[in-house]
Structure formats: structure tokens, C-alpha cells
**Student:** 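There's a structure below that I have some questions on.
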Amino acid sequence: MQNLKLYNSLSRKKEVFKPITEGRVGMYVCGPTVYGDAHLGHARPGITFDVVFRYLQHLGHKTRYVRNITDVGHLVNDADEGEDKIAKKARLDQLEPMEVVAYYTRSYHRDMALLNTLPPSIEPTATGHIIEQIQMIEKILTNGYAYEVDGNVYFDVVKYNKDHAYGKLSGRNIEDMISNTRELDGQSEKRNSVDFALWKKASPEHIMRWPSPWSEGFPGWHLECSAMSTKYLGKRFDIHGGGMDLVFPHHEAEIAQSCASDGHDAVNYWMHNNMITIHGQKMGKSLGNFITLSEFFTGEHESLDQAYNPMTIRFFILQAHYRSTVDFSNEALQAAEKGMNKLMTAIDTLEGITTSNESTLNVEDYKQKFYDAINDDFNSPILIAHIFDVVKQINSIAAGNGSLNKVSKNDLISLMNDFCFDILGLKKIESEAEHGLTDEIMDVVLGLRKRAKENQDWTAADFIRDELAKLNITVKDSKDGASWSKE
RNA sequence: GGUCGGAUGGCUGAGAGGCUUAGGCAGCGGUCUGCAAAACCGUCUACACCGGUUCGAAUCCGGUUCCGACCUCCA
């Protein structure tokens with residue numbers, strides 16, 4: 001049994017992970033608001049928690065991974081009245097709100113699949129859980145931690161803070177917040193500036209609306225995650241994840257809602273991934289400095305020198321620890337691309353190594369190092385460093401400096417498969433458009449070149465290689481003959 | 001202003017009191033090769049600044065400067 005430690009944002013310490021129920025893990029991660037194409041920033045939690053999900057399963061935990069799709073409820077700040085982000089986008093595009101939602105949900109799924117993230121076990125939508133949200137509001141009202149004003153329901157943060165600690169996740173105290181929060185128009189009906197909406201009455205022109213005991217309207221910003229995590233994972237569950245930018249107010253509000261409704265915290269471990277930066281600044285929707293994932297995949301963006309394979313993006317993100325920022329640059333991405341190719345080539349090389357009786361490589365040592373790295377709060381950069389030690393060993397052995405016996409070779413293959421493919425979720429970049437005949441044609445071409453070389457006709461041999469290079473086909477000569485690879 | 005985090009070699013990114021010169025990319029020298037490519041062997045550049053604690057500090061403490069995140073929607 002492996003001793004997994006993870007950093008809990010709530011305690012600000014690494015803690016040994018212990019599931020509430022032996023052998024089973026519940027994990028909730030905040031998903032996207034589907035009103036635009038996913039950008040590089042969305043890839044971070046997608047990949048971070050994909051590795052968590054994969055590793056928990058690798059350890060034998062039956063894991064339920066819930067990631068929501070927010071298709072209602074977040075308000076745009078520049079609207080006079082709280083206007084729904086998706087409703088606004090819909091009106092701009094002259095579309096039905098659900099049309100916008102469906103379009104961007106598909107786009108998100110496509111990008112996440114290209115990044116080789118496993119689909120979550122359950123992917124609930126906010127609009128599909130209006131009833132659950134209303135029920136939760138009723139419970140909070142009954143418990144006295146919310147109040148209604150003119151069809152709107154607000155969470156009473158000040159009252160809640162008397163009985164529970166509001167702000168414990170983000171390290172804030174309520175007095176500072178009250179004195180620091182500026183008064184905005186239209187908030188006068190709240191008892192305190194720190195209170196937040198659980199239910200909002202829809203203005204006449206507002207498109208997305210549902211009936212409720214208080215008004216025709218829509219649920220507040222933070223409620224969906226509380227309602228849906230409770231529904232699918234229970235009143236107590238193991239891990240809640242999301243981006244660091246959600247710590248306040250979103251996750252703080254979630255804690256308050258759960259506690260106000262059920263009397264205790266719902267989450268045992270809070271995990272937060274850090275941001276991706278560009279020129280040292282957070283890449284984000286509001287700053288407008290984001291590059292979408294599909295732009296990365298096609299290379300169609302003025303800041304990009306080239307197109308990047310989704311696996312390059314994945315590897316790039318995994319080369320940094322999830323709690324550190326990663327700075328985007330073409331240089332960094334190109335370095336990741338080369339490193340990734342080197343790793344994949346070495347895995348192919350390993351399969352082809354001829355075994356001998358002796359083994360100069362101790363697989364168990366590396367196995368232990370691999371597990372130690374991933375167990376230490378998912379330290380993927382350290383894990384990758386160890387993996388590259390193995391890459392070096394593989395290449396050394398292939399070059400004749402060392403040997404591998406049959407058992408070690410098989411162990412090493414399965415170790416590399418487990419960690420590179422199953423846990424880190426990398427996959428080989430499949431060559432595009434296999435026509436079936438390609439291999440045969442290349443055999444003919446390389447056969448011609450071989451004959452030219454035998455005749456010492458270097459001009460012809462180099463011509464063939466150069467022309468193939470123009471098609472992004474690299475020819476490598478070795479003692480056993482020539483091999484080729486695309487891109 | 002409040003809360004929190006960061007500053008590491010050409011780039012990127014780990015580490016967190018003494019043996020990691022982490023790792024990747026780039027550079028340099030060599031081996032191999034008809035020449036390349038790949039690979040192998042070897043190798044250079046580092047811990048923002050100033051004090052302090054310690055036998056010993058990139059790592060702990062205090063201060064300084066700079067940067068970032070959150071406090072409005074954000075992954």
C-alpha cells in the first residue's frame with residue numbers, strides 16, 4: 001500500500017491521504033463555465049486532477065470523480081443588474097442559451113479528450129439541478145443562515161460567522177472584509193456587503209429563469225457545487241479540487257453553504273492548482289491574454305511560433321508542480337516537445353533491446369523512486385526527472401553500455417507503461433493518416449537509398465534524405481540499417 | 001490597504017540546513033558516422049539583496065527591493 005500525501009489548502013500542510021471509506025474515494029472538481037472556448041488555463045486543472053484520478057485508481061481506490069459544467073448562475077460584473085453570463089452571450093449571438101451551452105460543452109469535451117484526460121464519472125450541469133439547489137436554500141433558510149428580500153435570498157455571512165469560522169480556507173477575517181468591501185449599487189438590500197446571493201429574482205428581460213418559492217429566477221453563484229457534490233458524493237467526501245483563483249469567494253462560500261445546511265464541513269482535503277502565466281501574469285479570461293487550446297493545436301495565434309501537439313501541452317504542464325505557476329513561452333513548449341519525443345523514443349527503444357543474462361539496471365530502485373515522487377503531493381516534475389534517468393539508462397544499454405535481462409526488461413516495460421501512460425496519461429503521438437501503403441513505399445525509397453550508398457553515390461543518398469526531410473520525414477542511419485520517422 | 005505566495009544557472013523548472021553539480025531544452029569538447037540525424041561519454045554557468053542563527057544555509061530567522069494571486073467573473 002502506498003502512502004500518498006497531499007497538500008491540503010485548508011490546513012496548509014501536506015497530509016497523509018486517508019479515504020473516509022476504505023477503498024473508495026469521492027472527488028469533486030470545479031469545471032468550466034461554458035461560454036467560451038477552453039484556453040490553456042483550463043488545461044491545468046483538467047490535467048492535474050486527471051492525474052489525481054488516474055493515480056487513485058492505480059492505487060486501487062474505486063473513485064467517483066465529479067466535475068460540473070456550469071451552464072447558469074455566474075453573473076457578469078459589468079451588467080447593471082446581475083445578468084447571467086450565458087444569457088448575455090446568448091443574446092449577443094442571437095442563440096438560445098442552451099445552444100451556447102451545448103456548443104461550448106462539446107468544444108470543451110473535445111479539447112479535454114485531445115489532452116487525453118479521462119472523462120469524469122459524473123458531469124452534472126447546474127441547470128439540471130435547480131431542484132436540489134432550491135432544496136438546499138430552503139434548508140439554509142430553515143437553519144437561519146439566510147434571509148429573503150423581495151424575491152432574492154441571501155446568505156447571512158455575519159450570522160454564520162458567529163457560529164462557524166467564515167474565511168478559514170482563504171485566511172480572511174470578516175471585519176477586514178466588511179471594512180474593505182466597497183459598496184456597489186443595487187446591493188443595498190443585503191444586510192452586509194459580505195453576504196452573497198443564493199437565489200436571484202430574474203429581471204423581465206432575463207432569459208434563464210426557473211420557478212421557486214421566492215421568485216421566478218435563478219440560483220446564486222456558488223450554490224451548484226454544494227448541491228451537486230452533496231447529491232453525488234454525500235454530505236462528507238474526500239477531495240475537492242479547483243483552481244487557486246476559486247479559493248475566494250467560491251470555495252469559501254461552498255464551505256459556508258454546506259456547513260449552514262448540514263452543520264459540518266463536507267470536504268476533507270481541498271486541493272488547488274496554480275495558474276498558468278504568460279509574461280509572468282495570469283492567463284485569464286478577464287485579462288484577455290489567453291490562448292485557446294484549439295489555437296495551440298493549430299498554431300493559429302500571433303503569439304505562437306508553431307502548432308503544438310496536445311501531448312506536448314500535457315507534458316509541459318506536468319513538468320511543473322501543480323501548486324506552482326507555469327510560465328508559457330514558445331521556448332518552454334518547444335523544449336517540452338523535444339523532451340517528450342525523447343521519452344517516447346526511449347520507450348520504443350526499450351521494447352527492442354536484446355536481453356542478456358545480466359542486468360545493470362535495478363528496476364526496483366526506480367520503481368521506489370517513482371512512487372516516492374508521485375506520493376509526495378503528486379510531484380510530477382520529480383517523477384519525470386526520475387523517468388529521464390531511466391531514459392538515459394535505456395539509451396546507454398541500447399548503445400552497448402550495460403545490459404538488461406529478460407525479467408528486468410519486462411518489469412521495466414510495465415513500470416514505464418504504468419507511470420508514463422496510465423498515471424501521467426501521456427500517449428504516443430500517432431502518425432497521421434496511415435494509408436497502409438506508407439511503410440511499403442518507404443521500404444522501397446530507403447532501399448533505393450541503401451543501394452546508392454552501397455555504390456558510394458552520396459549525392460543520390462543525400463538527395464533522398466533531403467527530399468524526405470522536406471516532408472518532415474527524418475531518416476536515421478544505424479548499423480542495422482536506416483529507419484524513418486515523421487515529424 | 002488586507003490576506004497569501006514567489007524571486008534558483010542562457011531558457012524552463014525541482015529541491016528546502018551538509019552528497020542532487022535534480023531533470024528537460026540550449027551550449028561546449030569527444031566517440032560513432034561517407035556526411036548528417038539520433039545516441040553515448042565528458043563538461044561550463046545558480047540559488048534577488050543585507051544582516052543574523054549554526055561547525056555548516058539556496059534551504060531557518062529578521063529586514064530590504066521587486067513580482068504575482070485573491071479581495072468583482074475567472075481554471
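What's counted below: heavy atoms across the whole structure, side chains too, no hydrogens, waters or symmetry copies. The structure displayed is predicted, hence computed values, not measured ones. Throughout, protein chains are lettered first and strands after them, A, B, ... in sequence-line order, and every chain is numbered starting at 1.
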**Student:** Take Phe315(A) and Val391(A), find for each the nucleotide of RNA chain B with the closest heavy atom, and name the residue whose nucleotide sits nearer the 5' end.
**Tutor:** Phe315(A)

**Student:** On a whole-Å scale, what distance lies between the P atoms belonging to C49(B) and A58(B)?
**Tutor:** 11 Å

**Student:** Dot-bracket, 5' to 3', for RNA chain B please: Watson-Crick or G-U pairs under 3.5 Å, [ ] where pairs cross earlier ones, | where the partner sits on another strand, dots elsewhere.
**Tutor:** (((((((..(((.....[....))).(((((.......)))))....(((((..]....))))))))))))....

**Student:** Looking at Lys453(A), I'd like to know whether one of its side-chain N or O atoms comes within less than 4.0 Å of OP1 or OP2 on G34(B).
**Tutor:** no

**Student:** Are OP1 or OP2 of A75(B) and a side-chain N or O of Asn273(A) less than 4.0 angstrom apart?
**Tutor:** no

**Student:** We want to know whether Asp327(A) and Ser329(A) form a side-chain donor-acceptor pair, criterion being a heavy-atom distance below 3.5 angstrom.
**Tutor:** no

**Student:** Do the rings of Tyr322(A) and Phe378(A) sit parallel, tilted or perpendicular, given the 30° and 60° boundaries?
**Tutor:** perpendicular

**Student:** Return the CZ to OG1 distance between Arg110(A) and Thr105(A), rounded to the nearest 0.5 Å.
**Tutor:** 12.0 Å

**Student:** For the base of G34(B) and the side-chain ring of Trp458(A), does the geometry meet a stacking cutoff of under 5.5 Å between centres and under 30° between planes?
**Tutor:** yes

**Student:** Between U59(B) and A75(B), how far is it from one P atom to the other, in whole Å?
**Tutor:** 37 Å

**Student:** Which whole-number value in Å describes the distance from Ile473(A) CD1 to A37(B) C1'?
**Tutor:** 15 Å

**Student:** Decide yes or no, distance alone: a donor-acceptor N/O pair under 3.5 angstrom between the base of G5(B) and the side-chain of Asn274(A).
**Tutor:** no

**Student:** Determine whether any donor atom in the side chain of Arg465(A) lies under 3.5 Å from an acceptor atom in the base of A37(B), or the reverse, and answer yes or no.
**Tutor:** no

**Student:** Can you measure Gln393(A) atom CD to C41(B) atom C1' for me and round it to whole angstrom units?
**Tutor:** 14 Å

**Student:** What is the nucleic acid contact for Asp327(A), judged by heavy atoms within less than 4.0 Å: base, sugar-phosphate only, or nothing?
**Tutor:** sugar-phosphate

**Student:** With a 3.5 Å cut-off and no angle check, do the side chains of Asp372(A) and Gln368(A) form a donor-acceptor pair?
**Tutor:** yes

**Student:** Taking atom P of C71(B) as reference, at what distance in whole Å does atom CG of Leu246(A) sit?
**Tutor:** 10 Å

**Student:** Going by the angle between their ring planes, with limits at 30° and 60°, are Phe296(A) and Phe328(A) parallel, tilted or perpendicular?
**Tutor:** perpendicular

**Student:** Examine the side chains of Tyr65(A) and Asp50(A) and answer whether a donor and an acceptor come within less than 3.5 Å of each other.
**Tutor:** no

**Student:** Contact class for Leu343(A) vs. all strands (heavy atom < 4.0 Å): base, sugar-phosphate, or nothing?
**Tutor:** nothing

**Student:** Between G2(B) and G63(B), how many Å separate the two P atoms, rounded to a whole number?
**Tutor:** 14 Å

**Student:** Is there a donor on the side chain of Asp245(A) or the base of C71(B) sitting less than 3.5 Å from an acceptor on the other?
**Tutor:** no

**Student:** Rounding to the closest angstrom, what is the interatomic distance between A57(B) and G15(B) at atom C1'?
**Tutor:** 14 Å

**Student:** Write down the distance between CD1 (Ile374(A)) and C1' (G23(B)), rounded to a whole number of angstrom.
**Tutor:** 16 Å

**Student:** If you restrict it to nitrogen or oxygen atoms, what contacts under 3.5 Å exist between nucleotides 14-18 of chain B and the protein, and what is each distance?
**Tutor:**
from, atom 1, to, atom 2, distance (Å)
A14(B), OP1, His321(A), N, 2.5
A14(B), OP1, Ser324(A), OG, 3.2
G15(B), OP1, Asn379(A), ND2, 3.0

**Student:** Does C25(B) have OP1 or OP2 sitting under 4.0 Å from an N or O in the side chain of Lys342(A)?
**Tutor:** yes

**Student:** Starting at the 5' end of RNA chain B and moving along, which residue's nearest nucleotide shows up first, Ile384(A) or Gln281(A)?
**Tutor:** Ile384(A)

**Student:** Which nucleotide sits closest to the side chain of Lys282(A): C71(B), A75(B), U12(B)?
**Tutor:** A75(B)

**Student:** Between A36(B) and G27(B), how far apart are the two P atoms, rounded to whole Å?
**Tutor:** 15 Å

**Student:** Let me see the working for Tyr7(A) and His321(A) under side-chain hydrogen bond (donor to acceptor under 3.5 Å, both in side chains), right down to the final yes or no.
**Tutor:** CA-CA 12 Å; Tyr7(A) 182 88; His321(A) 186 81; over 6 Å; no

**Student:** From the options A36(B), G23(B), G24(B), select the nucleotide whose nearest atom is closest to the side chain of Asp389(A).
**Tutor:** G23(B)

**Student:** Does the separation of the ring centres of Tyr160(A) and Phe155(A) fall below 6.0 angstrom?
**Tutor:** yes

**Student:** Could you measure between the two C1' atoms, the one in U31(B) and the one in C67(B), and give it in whole Å?
**Tutor:** 46 Å

**Student:** From C-beta outward on Asn395(A), which listed nucleotide comes closest to its side chain: A26(B), A75(B), A39(B)?
**Tutor:** A39(B)

**Student:** Respond yes when some side-chain nitrogen or oxygen of Lys476(A) is under 4.0 Å from OP1 or OP2 of U33(B), and no when none is.
**Tutor:** no

**Student:** What is the distance from atom CD1 of Ile473(A) to atom CE of Met442(A), rounded to the nearest 0.5 Å?
**Tutor:** 5.0 Å

**Student:** Roughly how many Å is it from CG in Leu318(A) to C1' in U12(B), rounded to a whole number?
**Tutor:** 15 Å

**Student:** Base, sugar-phosphate or nothing for Ser170(A)? Non-hydrogen atoms, less than 4.0 Å.
**Tutor:** sugar-phosphate

**Student:** When all nucleic acid strands are considered with a 4.0 Å heavy-atom cut-off, which category describes Val29(A): base, sugar-phosphate, or nothing?
**Tutor:** nothing

**Student:** Report yes if a side-chain nitrogen or oxygen of Ser396(A) is closer than 4.0 Å to either non-bridging phosphate oxygen (OP1 or OP2) of A39(B); otherwise report no.
**Tutor:** no

**Student:** Using a cut-off of 4.0 Å on non-hydrogen atoms, how would the nucleic acid contact of Asp477(A) be classed: base, sugar-phosphate, or nothing?
**Tutor:** base

**Student:** For the side chain of Leu287(A), counting heavy atoms from C-beta on, which of A69(B), C71(B), C11(B) is nearest?
**Tutor:** A69(B)

**Student:** Mind checking if Gly41(A) touches a base, just sugar-phosphate, or nothing, with heavy atoms under 4.0 Å?
**Tutor:** base

**Student:** Please state the P separation for the pair G17(B) and G13(B) - nearest whole angstrom.
**Tutor:** 23 Å

**Student:** His39(A) has a side chain; which of A75(B), C35(B), C11(B) sits nearest to it?
**Tutor:** A75(B)

**Student:** His250(A) NE2 to U72(B) C1': how many Å, rounded?
**Tutor:** 15 Å

**Student:** Given 3.5 Å as the limit, does a donor-acceptor pair link the side chain of Arg67(A) with the main chain of Gly31(A), or not?
**Tutor:** no

**Student:** Is it possible for you to check whether Lys367(A) lies under 6.0 Å from the centre of the six-membered ring of Phe370(A), through NZ or CZ, and within 45° of that ring's axis?
**Tutor:** no

**Student:** What is the distance, to the nearest angstrom, from the CE atom on Met275(A) to the P atom on A69(B)?
**Tutor:** 10 Å

**Student:** Please tell me whether Tyr154(A) and Asn192(A) have a donor and an acceptor in their side chains that are separated by less than 3.5 angstrom.
**Tutor:** no

**Student:** Determine the Euclidean distance between corresponding P atoms of A22(B) and C61(B); express it in Å to zero decimal places.
**Tutor:** 23 Å

**Student:** Would you call the rings of His250(A) and His222(A) parallel, tilted or perpendicular if under 30° counts as parallel and over 60° as perpendicular?
**Tutor:** tilted

**Student:** Rounded to whole Å, how long is the line connecting atom NZ of Lys338(A) with atom P of A37(B)?
**Tutor:** 12 Å

